[in-house]
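What follows is a single structure, written as structure tokens, with notes after it.
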Amino acid sequence: LKVCGNASAWYFNRDSVALPGFHVFFKERADDQMNITRKFMEYQNKRGGRVILKDIPAPPKQEGWTPLEGMEATIQVETSQTKAISDLIALADRVNDHDFSRFLSNFLNEQVIDLKELADHVTQLKRVGPGIGEYLYDRNSLNESYFDKIDRNSY
């Protein structure tokens with residue numbers, strides 16, 4: 001799994017950027033990604049596999065992010081993760097590994113919810129525009145969304 005949320009989180013926390021809502025949003029996403037990564041490593045060890053860690057490349061752009069660019073980059077990462085999970089589910093089904101398929105299905109459901117939330121943020125950020133629009137969005141729209149209140153088991 002690729003993690004780019006930390007780079008975005010700490011960029012938006014800079015004194016020259018000062019968008020604390022985006023900082024918290026991207027930091028929470030990065031923390032969630034770390035927890036998911038741990039679950040995959042634990043599962044792999046339980047099944048007798050070996051965890052091999054590799055370097056995660058830095059995002060190509062590290063300066064001058066707009067909130068919209070941060071959300072769009074996150075959608076790209078989430079889309080590639082969704083495809084990877086779908087491919088693994090197909091492989092698990094081909095080899096009749098139902099336990100692995102069920103394990104992955106939980107993550108796939110979360111991906112669908114996350115992609116919808118990110119797409120909504122992109123649409124709304126385009127609507128409010130840069131500058132004062134981003135500032136107001138940071139203050140008023142990232143603290144709590146309807147995604148925090150939905151029943152994730154219904155997806």
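Atoms considered below: every heavy atom in the structure, side chains included; atoms not considered: hydrogens, waters and symmetry mates.
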Carboxylate-amine/guanidinium proximity below 4.0 Å for R29 and E78: yes
For the residue pair [X] and [Y], establish whether any side-chain heavy-atom pair is separated by less than 4.5 Å.
X   : Y    : result
N96 : H98  : yes
F26 : M71  : yes
N13 : P20  : no
I89 : S105 : yes
T66 : P130 : no

Classify the ring geometry of H121 against F25: parallel below 30°, tilted from 30° to 60°, perpendicular beyond 60°.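 The rings of H121 and F25 stand perpendicular, inter-plane angle above 60°.
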Give a yes or no answer on whether the side chain of [X] reaches the backbone of [Y] with a donor-acceptor pair at less than 3.5 Å.
X    : Y    : answer
Q44  : R50  : yes
H23  : F12  : no
N140 : L136 : yes

Smallest separation among heavy atoms of E134 and F22, with atom names: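 Heavy atoms only, the tightest pair is O-CE1, 4.0 Å.
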Exercise: identify the closest heavy-atom pair between D15 and A18: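 Minimum heavy-atom contact is O-CB, 4.0 Å.
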Let's go through L53 and M41 carefully: what are the C-alpha distance in whole Å and the side-chain angles of both, what is the deciding distance for side chain to side chain contact (heavy atoms under 4.5 Å, CB included) to 0.1 Å, and is it a yes or a no? CA-CA 10 Å; L53 302 175; M41 290 188 291; 3.8 Å; yes
Just to verify, what does D97 make a side chain to side chain contact (heavy atoms under 4.5 Å, CB included) with, not counting sequence neighbours? R47, A92, V95, D99, F100
How long is the gap from [atom1] on [X] to [atom2] on [Y], to the nearest 0.5 Å?
X    : Y    : atom1 : atom2 : answer
L108 : S101 : CG    : OG    : 9.5 Å
F103 : L88  : CZ    : CG    : 10.5 Å
I75  : S80  : CD1   : OG    : 12.0 Å
L19  : Y135 : CG    : OH    : 9.5 Å
L115 : E110 : CG    : CD    : 11.0 Å
E117 : I113 : CD    : CD1   : 9.5 Å

Under the side chain to side chain contact (heavy atoms under 4.5 Å, CB included) criterion, do F40 and L104 qualify, and how do the steps go? CA-CA 9 Å; F40 271 89; L104 292 170; 3.6 Å; yes
Can you name the side chain to side chain donor-acceptor pair (under 3.5 Å) partners of D87, sequence neighbours left out?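 Checked D87 against side chain to side chain donor-acceptor pair (under 3.5 Å); matches are K83.
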With clusters defined by side-chain heavy atoms of hydrophobic residues (ILVMFWY) lying less than 4.5 Å apart, directly or transitively, does V24 cluster with L125?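 Result: no, two separate clusters.
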Could you check V128 against Q124 for side chain to side chain contact (heavy atoms under 4.5 Å, CB included), going step by step and ending with a plain yes or no? CA-CA 6 Å; V128 300; Q124 293 168 7; 5.5 Å; no
